[in-house]
Amino acid sequence: MDGTADSREGMLSRMALNDNKAGMEGLDRDKINNIILEASKGSRFYVNEVKKEQQVNERIGKMMRHKAKLTEQQIQKAQLSAELEMGRELGRVIVHVDMDAFYAAVEMRDCPELKDKPMAVGSMSMLSTSNYHARRYGVRAAMPGFIAKKLCPNLVIVPLNFDKYTAVSEQVREVFAAYDPHFLPMSLDEAYLDITEHLHERQHWPESMRSYKSCDNEVPVETDNLSPVLFEDSPSSSPSLPGSDGKVEVFGTSPEEAVREMRFRIEQKTSLTASAGIAPNMMLAKVCSDKNKPNGQYSILPERQAVMDFIRDLPVRKVSGIGKVTEKMLAALDIFTCAQLGQQMRVLSLLFSETSWHHFLQISLGLGSTRIERCVTLPALSIRVTEPLPLSEM
DNA sequence: ATACATACC
DNA sequence: AACTGGTATGTAT
């Protein structure tokens, strides 16, 4: 039953270019996918992917047979504990910050030759990331370098400089810590922050504490010869001071302005750009940080309606934790967006494990964690300290 | 309890 | 010639 055309289609869901992420809009997908398939065919990797693909199809088949046996009565009496909505928490301001094409951006910064070339960081076997120029060719993270070279023969591949990325990451984290000392790093280039407390304090800050010189790194501009009155009428422009060299930017007190300021400070300090998402919980903030990438930010206002409007047409695949397998299983049930996920929750509760459908339900309601993990950054060394582990885990 | 699968960067 | 490596969590047996 598995014709050649079918298995090719199947493989595409697994191996093909994933243009889900930023910088991949409007590419010639067919051409790119053919090159990827040609280069992969017959390899150990390919054979393994075919096997896994069959397993997924089997799992979907099992699910569909299970679904066919469900009666309307069973579906209607499925209970979805309605208390979740009551527990919705909109009072926290959660930010997800993500450096743009981090490793590639560091290498480009340190080697101007690379600036206008398609380049990627990694090896012939595996790329860690690519710059936006290379992405126009379909070259992206987690792609083997030799395939990337077929897609883009002029691609420059720079080997990993892990120590360098770690050092830059430390600089970025110093900025994060100014907005949330308990921030949660997810990798060298991204982190979650809870800036609720920062924003409270920020309301009472004079403009001088929110003013930054473009040329000067690190600290707010000197307060002495800087009268706040000077900025009264032009909060969004960059007023230049008489008698002062260099532009000064004043940031406001809103969440958006605080995050703009944080990104500005990161760029001043590292010459690298970051993107950010602002939302009432981690799940939404993560999705938002991808929305205006690179060098942008997006926020969801802390209102139920704003959250639901944002969620409605959001493809489930955009949500962290929904990967290609889950996407394909949901697609088999005609679920592509979060709204569709919500509409089918009763069926899902009968087809998936409790942990899985609880997760789906949370997503469909736009809910997510509102507390960043407990973890403290020591000012001097930026060493993360967690609560003592049980002896068994040490 | 263990192995395997999914997902993330 | 060549498809990461580490961690966390979920699923199947």
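First the proteins, then the strands, lettered A, B, ... as listed; each starts at 1. For the numbers below, each heavy atom of this structure counts, side chains included, while hydrogens, waters and symmetry mates do not.
In this structure, A:Tyr103 atom OH and B:dC9 atom P are separated by 12 Å, rounded to whole Å. Remark: P of B:dC9 and CE of A:Met143 are 17 Å apart, rounded to the nearest angstrom. Distance, A:His96 NE2 to B:dC8 C1': 11 Å, rounded to whole Å. Taking atom NE2 of residue A:His359 and atom C1' of nucleotide B:dA7, one finds them 11 Å apart after rounding to whole Å.
Using a 4.0 Å heavy-atom criterion, one finds that A:Thr129 contacts no nucleic acid atom at all. Residue contacts shown for A:Met124 include a base, since a base heavy atom lies under 4.0 Å away. Using a 4.0 Å heavy-atom criterion, one finds that A:Leu127 contacts no nucleic acid atom at all. Using a 4.0 Å heavy-atom cutoff across all strands shown, A:Val47 reaches no nucleic acid atom at all. A:Asp189 comes within 4.0 angstrom of sugar-phosphate atoms only, judged by non-hydrogen atoms across all strands, and of no base. Contacts of A:Ala141 with the nucleic acid, taken as non-hydrogen atoms under 4.0 Å apart, are absent. The residue A:Ser128 sits apart from the nucleic acid: no heavy atom pair falls under 4.0 Å. Using a 4.0 Å heavy-atom criterion, one finds that A:Ser123 contacts no nucleic acid atom at all.
No cation-pi contact links A:Arg173 to A:Phe176, judged by a cut-off of 6.0 Å to the six-membered ring centre and 45° from its axis.
Partners of A:Glu256 under the side-chain hydrogen bond (donor to acceptor under 3.5 Å, both in side chains) rule, at least two apart in sequence or in another chain, are A:Ser299. Applying the side-chain hydrogen bond (donor to acceptor under 3.5 Å, both in side chains) rule to A:Lys52 yields the partners A:Glu49; only residues at least two apart in sequence or on another chain are considered. For A:Thr166, the side-chain hydrogen bond (donor to acceptor under 3.5 Å, both in side chains) criterion is met by no residue, not counting sequence neighbours. The ring-ring contact (aromatic ring centres under 6.0 Å, His included) test applied to A:His198 returns A:Tyr179, A:Trp205, not counting sequence neighbours. Applying the ring-ring contact (aromatic ring centres under 6.0 Å, His included) test to A:Phe102 and every residue at least two apart in sequence or in another chain returns nothing. A:Tyr137 pairs by the ring-ring contact (aromatic ring centres under 6.0 Å, His included) definition with nothing, not counting sequence neighbours. Every residue two or more places apart in sequence or in another chain was checked for a ring-ring contact (aromatic ring centres under 6.0 Å, His included) with A:His133, and none qualifies.
Each of A:Pro144 and A:Lys62 lies near DNA chain C, and the nucleotide nearest A:Pro144 is the one positioned closer to the 5' end. Across the interface with DNA chain C, nearest-nucleotide mapping of A:Met126 and A:Phe352 shows A:Met126 to be the residue nearer the 5′ end.
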Measure all distances between protein nitrogen or oxygen atoms and nitrogen or oxygen atoms of nucleotides 4-6 of chain B, and list the pairs falling under 3.5 Å.
residue : atom : partner : partner atom : Å
B:dA5   : OP1  : A:Gln55 : OE1          : 3.1
B:dA5   : OP1  : A:Gln55 : NE2          : 3.3
B:dT6   : OP1  : A:Arg59 : NH1          : 3.3

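DNA chain C is contacted by no residue of residues 150-166 of chain A, taking any non-hydrogen atom closer than 4.0 Å.
The span of DNA chain C lying next to chain A, judged by atoms under 4.0 Å from heavy atoms, is bounded 5' to 3' by C:dA2 to C:dT11.
If you take atom P in B:dA7 and the same atom in C:dA2, they sit 28 Å apart, rounded to whole Å.
Under 4.0 Å is where a charged nitrogen must lie from a carboxylate oxygen, and between A:Arg202 and A:Glu197 no such pair does.
In summary, the aromatic rings of A:Tyr192 and A:Phe183 are positioned with their centroids too far apart to meet the 6.0 Å limit.
Every pair passing side chain to side chain donor-acceptor pair (under 3.5 Å) that includes a residue from residues 108-128 of chain A is listed here, sequence neighbours excluded: A:Asp110-A:Lys164.
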Do any side-chain atoms of residues 150-158 of chain A form donor-acceptor pairs under 3.5 angstrom with protein atoms, and if so which ones, sequence neighbours left out?
none

